[in-house]
Amino acid sequence: MKRFNKSSITLAILLSLPVANVYAADALTSQEAKNLIPLKEISVTGRYLQAENAADDISRAADEAGAKYYHIKSIENAMTNNSADSAVVYADIYQSNQPVAVEKKEVTQNGVVLYPRAKALYYLPFEVIKFKGNYNNTAEIMNDASKLAAEKDAYAFYVFSIAPSDIKNQEQDIDVALYKKDAVVRDFIVSKAIEGEDAYEITSDAFQTMTPYETISFHGSFNNTAEISAEAQKYAIANDAHFYYVKEISTNPAGTIQTVYVNLYK
């Protein structure tokens with residue numbers, strides 16, 4: 001007769017227990033997600049009576065997308081021919097549950113202030129200059145950009161774009177915005193915009209003339225246009241857009257999920 005010691009019995013019990021997914025993303029409350037920028041929106045389709053029933057599937061999908069956290073936003077009836085599918089649940093996913101700190105300290109380079117993105121987008125530059133070069137890192141680019149800004153007697157500068165010019169020779173095209181100390185606020189962003197954001201909503205007049213580089217959509221239940229704009233801003237920042245415009249909102253019955261379409265601009 002084979003005998004088992006205490007250690008082998010304990011191991012057998014542990015192996016018989018359900019295995020938890022230690023890599024699964026964790027849920028965030030609405031309050032915790034309020035000031036966070038999502039990576040993107042994801043969705044799962046299945047037999048869900050309410051949004052919370054999809055938590056395990058959302059957690060798994062978030063984990064597969066490389067996210068650590070998720071926030072379930074809304075649920076709607078599924079539009080599939082599969083009788084097993086009753087609803088679609090939407091969620092935002094995040095890499096971190098900590099809001100990004102805003103740098104307040106003013107930085108100068110070669111005697112010229114380096115504007116952070118939020119400030120550069122808010123104010124109108126007096127000139128945008130372009131130059132080309134072969135650089136090993138962004139520090140070298142910033143050094144040359146600040147020197148050109150100093151030659152133009154600029155108070156501040158911001159590198160708007162760094163793009164490959166000649167891949168073979170590793171050359172890059174750089175666009176740099178130059179600002180006066182008393183620069184005016186851009187005339188195409190909405191008047192209620194507050195300095196310090198990383199993306200700004202444009203006016204309806206600007207929407208008629210500006211060309212978006214991409215249109216995205218997201219889902220949710222919103223009480224007013226202010227909530228929609230705030231959510232659209234998060235998605236604009238997540239997609240590295242400088243400006244955005246809420247182009248269309250689906251006309252669903254009150255209390256149901258809405259689809260929001262947003263134009264993104266550089």
Side-chain angles (χ1 to χ4, degrees), residues 37 100-167 169-216 229-230 232-247 262-266:
I37 303 300
V100 177
V102 178
E103 178 62 57
K104 298 293 185 181
K105 185 178 179 181
E106 191 173 80
V107 177
T108 61
Q109 197 157 352
N110 288 315
V112 185
V113 174
L114 172 60
Y115 268 171
R117 170 187 166 113
K119 202 159 189 173
L121 300 183
Y122 190 73
Y123 291 102
L124 186 69
F126 70 85
E127 186 178 352
V128 176
I129 59 175
K130 301 176 182 289
F131 65 95
K132 182 182 298 186
N134 187 326
Y135 297 97
N136 295 311
N137 50 56
T138 54
E140 293 180 358
I141 293 174
M142 291 297 178
N143 185 52
D144 278 4
S146 63
K147 287 179 179 178
L148 290 173
E151 291 174 4
K152 292 279 188 175
D153 197 28
Y155 168 76
F157 75 101
Y158 175 71
V159 176
F160 254 91
S161 174
I162 302 173
S165 173
D166 186 335
I167 297 177
N169 295 317
Q170 296 184 331
E171 281 191 328
Q172 295 161 304
D173 285 323
I174 295 97
D175 294 349
V176 184
L178 307 180
Y179 302 84
K180 295 294 185 183
K181 190 169 186 177
D182 55 352
V184 298
V185 177
R186 291 178 185 271
D187 58 3
F188 59 78
I189 62 177
V190 294
S191 58
K192 66 177 181 289
I194 301 172
E195 180 192 342
E197 304 292 350
D198 278 335
Y200 293 96
E201 187 173 7
I202 66 171
T203 64
S204 54
D205 289 338
F207 164 70
Q208 302 294 330
T209 60
M210 294 174 65
T211 303
Y213 70 88
E214 186 179 0
T215 299
I216 62 171
S229 177
Q233 184 185 60
K234 289 182 180 181
Y235 279 97
I237 295 170
N239 285 274
D240 200 32
H242 293 158
F243 308 97
Y244 68 96
Y245 183 82
V246 178
K247 178 184 178 183
V262 183
N263 282 358
L264 303 181
Y265 307 83
K266 288 291 190 183

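If you read the sequence from its start, that first residue is 1, and numbering goes on from there.
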If you look at every heavy atom in [X] and [Y], which pair is closest and at what distance?
X	Y	answer
Ser229	Glu201	OG-OE1, 2.6 Å
Ala232	Val246	CB-CG2, 3.9 Å
Ser146	Asn143	OG-O, 2.8 Å
Ile216	Tyr235	CD1-CB, 3.6 Å
Tyr200	Ile194	CE2-O, 3.4 Å
Ala156	Val112	CA-CG1, 3.7 Å

Q: Not counting sequence neighbours, which residues clear salt bridge (Lys or Arg N to Asp or Glu O under 4.0 Å) with Lys266? List them please.
A: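 Partners of Lys266 by the salt bridge (Lys or Arg N to Asp or Glu O under 4.0 Å) criterion, ordered by chain and then number, come out as Asp240.
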
Q.
For the aromatic rings, using the six-membered ring if either is Trp, is the centroid distance between Phe160 and Tyr158 under 6.0 Å?
A.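 Ring centroids of Phe160 and Tyr158 are less than 6.0 Å from each other.
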
Any chance you could measure [X], atom [atom1], to [Y], atom [atom2], to the nearest 0.5 Å?
X	Y	atom1	atom2	answer
Ile202	Phe207	CD1	CZ	7.5 Å
Asn110	Met142	CG	CE	12.5 Å
Asp187	Asp205	CG	CG	10.0 Å
Leu114	Lys119	CG	NZ	11.5 Å
Ile129	Leu178	CD1	CG	4.5 Å
Thr203	Phe243	OG1	CZ	11.0 Å

Q. Ile237 and Lys234: side-chain contact (heavy atoms from CB on, under 4.5 Å), yes or no, with the steps?
A. CA-CA 5 Å; Ile237 295 170; Lys234 289 182 180 181; 5.9 Å; no

Q. Hey, does the side chain of Gln233 reach the backbone of Ala199 with a donor-acceptor pair shorter than 3.5 angstrom?
A.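 At least one qualifying donor-acceptor pair exists.
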
Q | Asn239 and Tyr244 side chains, donor-acceptor separation under 3.5 Å | A |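 Side chains of Tyr244 and Asn239: no pair found under 3.5 Å.
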
**Q.** Residue pair Tyr135, Ile162: steps toward the side-chain contact (heavy atoms from CB on, under 4.5 Å) verdict
**A.** CA-CA 11 Å; Tyr135 297 97; Ile162 302 173; over 6 Å; no

Q. Given Leu264 and Tyr213, is the side-chain contact (heavy atoms from CB on, under 4.5 Å) satisfied, shown in steps?
A. CA-CA 6 Å; Leu264 303 181; Tyr213 70 88; 3.8 Å; yes

Q.
Among Tyr115, Tyr155, Tyr122, exactly one meets ring pair (Phe, Tyr, Trp, His ring centres under 6.0 Å) together with Tyr179. Which residue is that?
A.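 One option only clears the test, and that one is Tyr115.
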
(Q) Determine whether Gln172 and Ile174 satisfy the following criterion, side-chain contact (heavy atoms from CB on, under 4.5 Å), listing intermediate values before the conclusion. (A) CA-CA 6 Å; Gln172 295 161 304; Ile174 295 97; 4.1 Å; yes

Q.
Name the residue from Lys180, Glu195, Arg186 that meets the side-chain hydrogen bond (donor to acceptor under 3.5 Å, both in side chains) definition with Tyr123.
A.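 Looking at Lys180, Glu195, Arg186, the match for Tyr123 under the side-chain hydrogen bond (donor to acceptor under 3.5 Å, both in side chains) is Glu195.
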
